[in-house]
Undergrad: 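This structure is in structure tokens; I'll ask about it shortly.
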Amino acid sequence: AQSVTQPDIHITVSEGASLELRCNYSYGATPYLFWYVQSPGQGLQLLLKYFSGDTLVQGIKGFEAEFKRSQSSFNLRKPSVHWSDAAEYFCAVGATGRRALTFGSGTRLQVQP
Amino acid sequence: DTGVSQDPRHKITKRGQNVTFRCDPISEHNRLYWYRQTLGQGPEFLTYFQNEAQLEKSRLLSDRFSAERPKGSFSTLEIQRTEQGDSAMYLCASSLGGTDLNQPQHFGDGTRLSIL
């Protein structure tokens, strides 16, 4: 069965600083990988996805993520964080033949002025 | 663009009562999913429909839980004899059909259930 680990429960960055959120997955084959963002009391919004091809994927709101098979990682990055990026970020993995996504436990991002 | 709609947004009930939640997916989406999210955790998969057929159920979906999607459009999730441990956010998502997961899931804002 697949699993996802987000090692950082909480991260604080200053506005304008760069950001990297870590995600490690466990899955035997090539995974489908996603990053979602959730604001308090809201549902999840898809930031970006990786299925195959170019390992650097671009998403909405200036986010990007890089798939590294050798490290089983799919880290999310943003060069300059805005105060509105404060939210909870979830990495998720999907497996071939299944419809369910497996989510990590999330990383809460706080942005300091 | 109408997204996934869930009703109610909040539900407070006493232990032992039955509750029902509704999800209206994006209109052209034939796949519908239910997830449960507890505080400090990511969503956990409960069940999945393709059109009106319930094709997959998690072991989390005990016999007190039942989900339906009678006409392949909206779906309901019912919890009977609620327990304290059922307190959570219940999220609905929908997607187009396609090969495996190449159609991403779009989530509603959820129904937050609180059991007194």
Side-chain angles (χ1 to χ4, degrees), chain A residues 1-10 21-25 27 29-53 57 59-60 63 65 74 76 87-108, chain B residues 1 3-10 23-26 29-51 53-61 89-112 114:
Chain A
Q2 65 268 30
S3 65
V4 178
T5 301
Q6 293 181 246
D8 304 305
I9 297 173
H10 187 205
L21 302 182
R22 296 184 291 164
C23 172
N24 294 97
Y25 68 91
Y27 181 57
T30 299
Y32 300 93
L33 293 162
F34 307 81
W35 274 100
Y36 283 87
V37 61
Q38 184 178 36
S39 297
Q42 304 296 312
L44 284 78
Q45 181 182 21
L46 179 68
L47 287 176
L48 47 79
K49 59 187 185 291
Y50 172 78
F51 295 137
S52 64
V57 294
I60 63 172
F63 286 94
F74 188 57
L76 182 71
E88 186 114 27
Y89 290 80
F90 292 96
C91 181
V93 64
T96 303
R98 291 201 63 221
R99 302 290 176 254
L101 293 178
T102 299
F103 285 84
S105 55
T107 297
R108 179 166 297 280
Chain B
D1 178 28
V4 178
S5 177
Q6 292 189 244
D7 184 70
R9 290 294 311 279
H10 304 275
C23 172
D24 287 90
I26 294 171
H29 287 183
N30 62 349
R31 292 180 177 169
L32 187 146
Y33 315 77
W34 285 99
Y35 289 81
R36 182 175 71 184
Q37 185 179 21
T38 52
L39 276 175
Q41 299 298 316
E44 296 173 291
F45 171 75
L46 292 178
T47 189
Y48 152 69
F49 290 84
Q50 179 149 323
N51 300 312
Q54 189 173 19
L55 297 184
E56 191 172 344
K57 291 194 290 187
S58 160
R59 283 171 290 181
L60 290 176
L61 210 67
M89 174 82 89
Y90 290 84
L91 293 164
C92 177
S94 69
S95 74
L96 290 167
T99 303
D100 288 324
L101 290 171
N102 62 355
Q103 298 294 343
Q105 297 176 27
H106 298 264
F107 284 80
D109 286 341
T111 294
R112 179 164 296 285
S114 299

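No experiment lies behind these values; they were computed from the predicted model shown. Throughout, protein chains are lettered first and strands after them, A, B, ... in sequence-line order, and every chain is numbered starting at 1.
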Undergrad: NZ of A:Lys49 to CD of B:Gln105: how many Å apart, nearest 0.5 Å?
TA: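 Taking NZ in A:Lys49 and CD in B:Gln105, the distance rounds to 12.5 Å.
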Undergrad: Working to the nearest 0.5 angstrom, can you tell me the gap between A:Tyr36 OH and B:His106 NE2?
TA: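 Going from OH on A:Tyr36 over to NE2 on B:His106, the span is 7.0 Å.
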Undergrad: Give, for atom OG of B:Ser95 and atom CG of A:Leu101, the distance between the pair rounded to the nearest 0.5 Å.
TA: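 With rounding to 0.5 Å, OG (B:Ser95) is 9.0 Å from CG (A:Leu101).
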Undergrad: Could you tell me which residues satisfy ring-ring contact (aromatic ring centres under 6.0 Å, His included) with B:Tyr35, sequence neighbours excluded, listed by chain and number?
TA: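 Testing B:Tyr35 for ring-ring contact (aromatic ring centres under 6.0 Å, His included), a comparison that skips the adjacent residues, returns A:Phe103, B:Phe45, B:Phe107.
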Undergrad: So for atom CG, which belongs to B:Leu39, do other residues, nucleotides or ligands contribute more than 12 heavy atoms lying within a distance under 6.0 Å?
TA: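 Not more than 12 within 6.0 Å, no.
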Undergrad: Less than 4.5 Å to any heavy atom of chain B: does that hold for the side chain of A:Gln45, its backbone, both, or neither?
TA: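 Neither part.
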Undergrad: With no hydrogens and no angle check, is any side-chain donor or acceptor of B:Asp109 less than 3.5 Å from a backbone partner on A:Gly43?
TA: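 Judged by distance alone, yes, a pair lies under 3.5 Å.
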Undergrad: Which region of B:Gln6, side chain (C-beta onward) or backbone (N, CA, C, O), has a non-hydrogen atom less than 4.5 Å from a non-hydrogen atom of chain A, or is it both or neither?
TA: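 Contact with chain A: none, neither part.
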Undergrad: Quick one: what part of B:Gln41 sits under 4.5 Å from any heavy atom of chain A, side chain, backbone, both or neither?
TA: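 Both parts, heavy atoms under 4.5 Å.
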Undergrad: Pick one of side chain, backbone, both or neither for A:Leu44, based on which atoms fall under 4.5 Å of a heavy atom in chain B.
TA: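 For A:Leu44, backbone and side chain are both near chain B.
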